Each structure stands twice: as structure tokens, then as C-alpha cells.
Undergrad: 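Just dropping this structure here.
These values consider heavy atoms only, across backbone and side chains, with no hydrogens, waters or symmetry-generated copies. Chain letters run A, B, ... following the sequence lines, proteins first, then strands; residues in each count from 1. This one's a predicted model, so the numbers in the text were calculated from it and none came from an experiment.
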2 protein chains.
Amino acid sequence: MDKQISQAVIRRLPRYYRYLGELLDDGVERISSNDLSKRMHVTASQIRQDLNNFGGFGQQGYGYNVAYLHDEIGKILGVNDTHNVIVIGAGNLGQAIAGYVKFERVGFKIIGLFDVNPELKGKMVRDLPVKMLDELPDFIKNNDVEIAALTLPKSNAKATALKLVSLGVHAIWNFAHVDLDDIPDVVIENVHLSDSLMQLSYNITQHKK
Amino acid sequence: MDKQISQAVIRRLPRYYRYLGELLDDGVERISSNDLSKRMHVTASQIRQDLNNFGGFGQQGYGYNVAYLHDEIGKILGVNDTHNVIVIGAGNLGQAIAGYVKFERVGFKIIGLFDVNPELKGKMVRDLPVKMLDELPDFIKNNDVEIAALTLPKSNAKATALKLVSLGVHAIWNFAHVDLDDIPDVVIENVHLSDSLMQLSYNITQHKK
DNA sequence: AAAAGTTTGTCAAGGATTTAACAATCAAGT
DNA sequence: ACTTGATTGTTAAATCCTTGACAAACTTTT
């Protein structure tokens, strides 16, 4: 049985992954927790502690092999495999997410874009046509959909999420400004942009004092 | 001198604000920490503890007045005033942010949209024309710009941020996939979408076990 | 007006996370 | 091969955050 890893640690992993990727691009072969800590502005102790939740990836007197550690963190995060994503809601944000090439580089492939608005039907966003929501059941049946990004008004979010789960999608990347807890058997990751903006606003006010 | 409030608390304030707004819309006049805790799936103790960082907003035997508390949290977050925002980078994401009406309801007004690409010059996004980056200094001089949203490739993000700060913008809402720490005298709020997606990916993997 | 019931604000305990410290281990130089 | 220096993995201390508990203060009922 695996020990439960805290979300505090998980939140930091993508950042390690990013820095290691950059080091890799720069041709750096090895790095010590101390050097990495200086670049990332965190403590070396935290880095070692975090990594050791998953195993001993380093070596005394040497440090960490960049390529190896990068790959291991990739495995932990599950970004070495491909994940198929559909986007529900083809408004501005939905189109932006659907058109975001970057995600594919880390294993996330957008394979469908859906909306209720008939005016959008067939509209091309990058190489994807907007499909109508009633095509969803068939689409999910015929494609291996792992994640649904919800970029729709909050009034429809809960019902759509329930529908998705009943169709077999068990991971939701939620941009709607509503909480989707109390849906069983689904993994939710929220991106609440307004909340983020309000935090910024708070910190501005504090900063001025 | 104010006691420093932890970011853990600040992160929860927008959520309280949202729930209180909904209660307000529903015509609910008062609520106890206990009732609110059930709706929000947090402990009542946490709610009381969080609020008491900022003052005693409730009353024994009565609870909290919804309208009053909503307004007070609004003040704390600084969303009762208007904040002018410019968006740097008029790609998909930049256009989505610039076109997002919702933000205005919580006091954030998008007043400018900038890019380097001459092909986009003058293109209308909602009621805003895309301006070129070299118009930025004048624009900032003539408008009260408080926040800049950075929706541009990471290669340009750092330099642009430095420029913005030198022009007098001291708050950055950063969507670029890069860290902008070590810039002095600026408040940064990061929205790293890839990171969020990777967290989701990790949690999917865990869920399957 | 008193009694019963409710609910806050706050203190203290408990739990979680972060940092510091250092023995154990390996690498590199002599 | 031995010594020196570097760096990890891990333990323990320190800090931070969350929860439980309850007196004090208010509301409502009788």
C-alpha cells in the first residue's frame, strides 16, 4: 500500500519538472539539491524531502542526474503517456484551451470540442470542428476520452459534469466558477480564474501598505 | 502594524465571497458558520477562525449577516473598487481573457489589449482594438493601469514584465509558463495551466489504484 | 423578566508541513 | 588505496495550519 502523498508536494512537482526540462535543454547533466534550490528559490531540504516521498533518485557526493530525474517525475505525474482531452464549451476560453499547442508536448491531446450553440456547429478551431453536445455519447463510446475540460457557464456545469461521469469520463478540468465536489467517482481539478484575480487584488492592497 | 495573514487563508476568501454572493442572490439574510460549513464542505471552526483574522463580523446567537459579511470580504479582497487591467499578448488566451465579461462584475475592467504581431493591429476583441506594444508607454501614462495580464510565450515574458514594472505597473497576472520571481517591487499571481493539468494527471493515476 | 437555546470569538490541542542538522555514502583528487 | 570534499537520505526540531472545545454574548421563547 502506498503512503498518501500530500497535495502540497504534488503542487510542487510540475515546477520541478519544468526546471529539470530547462536544465535538460541546456545540456546540464547533473545537479545538486543545493544548486536547484538556488535557481528555484526554495530550500534544498524541501527538494530532497519532496523527492524522497517517491524514492531515492539521487546519489551522495554526486547529486541528481537531470535526465533521469526529469523522466522519473514525468512518470509520477503521468505525463509520459498520452491523455485524450475533450473540451466542453466552445466560447473564447474553450477555443483558447482547444487551440493550445503546448499541452500536446506534455502528453495531453485535445481530440474534441463541443458546444450547445448550433451557430458554432462545424466551426474549425485549429484542426477540430465544433461538435454539438448530443454527439457526445457516441464520441465518448468511440474514443478513449480521459479528461473533460469544462469551459462553460456555471449554470450548466454541474449537470454536464454528471452527464460526463455517467458516460465514463472520470476526470474533469473545471474552469466553471462553481464547485463540483459531491460528485462521486471523479477526479476534479479546478481553475478558478476569478479567484486567482481576487487573490492578486488582495495582495496588491497589502503591498501598498 | 497589521498581523501578516497566511496565503492559506487568502486562498479561501474568494470562495467565501462566492458562496455569500449566492446566498445574497437567494435572499438569505443570515447564516451561521455551521450552516455555511455544511454547504461549503469545510469545518465551521475554520470559517470562524478565518474571518476572525480580519475582525468579528458575526454575533453570538445570531450568526453572520450575509449582506454585511459579503461586503466586508469584498473590501478585504479589494473587489469593491474598480481595477483597470491590460492584457499583453492577443493570442487565443489573451483574447479569451480580454473578452471575459465576468471579471467586470467583480471590479476588474479590461481597458487595453496589446501584441507584437502587426497582423493583429486594430483587430477588435469585444469593444477593444488590439494595440501594438510600442504604444504601451503612452497608454500607461494616460490611463490608470493597475494590473497587467501576461498571456504571451515564455520567451518574452520576463523582459515584458520588467518593462511593465519600469512603466509603473506593479501587479502582474502571469499566464506565461515561467516564474517571474526576483523582479522587485511587483505583486505576481501565477496561473500555470500546464501545472494544473499535470496535477490532474497525477490524481487520475492515484485514483485508478 | 427570566430561562433556554444558539452561536460566536478565542484558546489550546492536535496535525501537517517545512526547515535544520548530520551521519552515511559516494566521487574525485592525490 | 587513501584522504578530502560533496551531497544525499533521514531524523528531529521548529513552524505553520486546522480542528475541537467552551465561556461569553446574544436571541428567542415562555
Undergrad: Using whole Å, report how far CD1 of I10(B) lies from P of dC16(D).
TA: 16 Å
Undergrad: Under a 4.0 Å threshold between the charged nitrogen and the carboxylate oxygen, would D81(B) count as salt-bridged to K75(B)?
TA: no
Undergrad: Write down the protein N/O and nucleotide N/O pairs, taken from nucleotides 23-25 of chain C, whose separation is under 3.5 Å; answer none if there are no such pairs.
TA:
none

Undergrad: Would you list the pairs meeting salt bridge (Lys or Arg N to Asp or Glu O under 4.0 Å) in which at least one residue belongs to residues 47-62 of chain B, sequence neighbours left out?
TA: R12(B)-D50(B)
Undergrad: Please state how far atom CG in L51(A) lies from atom C1' in dT7(D), giving the value in whole angstrom units.
TA: 13 Å
Undergrad: Would you say R48(B) reaches dG9(C)'s phosphate, i.e. side-chain N/O to OP1/OP2 under 4.0 Å?
TA: no
Undergrad: For the pair made of CG in N65(A) and C1' in dT8(D), what is the distance, rounded to whole Å?
TA: 15 Å
Undergrad: Does a side-chain N-to-carboxylate-O contact under 4.0 Å join K131(A) and D115(A)?
TA: no
Undergrad: Expressed as a whole number of angstroms, how long is the span from F57(A):CZ to dT8(D):C1'?
TA: 13 Å
Undergrad: Can you check the Q59(B) CD to dT28(D) C1' distance for me, whole Å?
TA: 14 Å
Undergrad: Side chain to side chain contact (heavy atoms under 4.5 Å, CB included) with D182(B): which residues, sequence neighbours excluded?
TA: H41(A), K158(B)
Undergrad: Rounded to whole angstrom units, what separation is found between the CD atom of Q4(A) and the C1' atom of dG15(C)?
TA: 15 Å
Undergrad: At less than 3.5 Å, do the side-chain atoms of Q49(A) and the base atoms of dT19(C) form a donor-acceptor pair?
TA: yes
Undergrad: List in chain and number order the residues that pass side chain to side chain contact (heavy atoms under 4.5 Å, CB included) with H83(A), two or more places apart in sequence or in another chain; answer none if no residue qualifies.
TA: F108(A), E146(A), I147(A), S201(B)
Undergrad: Please work out which residues in residues 15-46 of chain B have a non-hydrogen atom less than 4.0 Å from an atom of DNA chain D and list them by number.
TA: R30(B), T43(B), S45(B), Q46(B)
Undergrad: For Q60(B), give me all partners under side chain to side chain contact (heavy atoms under 4.5 Å, CB included), at least two apart in sequence or on another chain.
TA: none
Undergrad: Can you tell me how far C1' of dT10(D) sits from CG of D50(A), to the nearest Å?
TA: 14 Å
Undergrad: Quick one: which residue pairs count as a salt bridge (Lys or Arg N to Asp or Glu O under 4.0 Å) with a foot in residues 23-34 of chain A, not counting sequence neighbours?
TA: none
Undergrad: With sequence neighbours left out, write down each residue that passes ring-ring contact (aromatic ring centres under 6.0 Å, His included) with Y64(B), or none if nothing qualifies.
TA: none
Undergrad: According to side chain to side chain contact (heavy atoms under 4.5 Å, CB included), who are the partners of H170(B), at least two apart in sequence or on a separate chain?
TA: V165(B), D185(B)
Undergrad: Can you check the R11(B) CZ to dC16(D) P distance for me, whole Å?
TA: 15 Å
Undergrad: Considering just the side-chain nitrogens and oxygens of S6(B), establish if one lies under 4.0 Å of OP1 or OP2 belonging to dC17(D).
TA: yes
Undergrad: If each of G55(B) and Q7(A) is mapped to the nucleotide of DNA chain C with the nearest heavy atom, which maps nearer the 5' terminus, i.e. the 5' end?
TA: G55(B)
Undergrad: Ignoring backbone atoms, establish whether Y64(A) has a side-chain N or O less than 4.0 Å from OP1 or OP2 of dA6(D).
TA: no
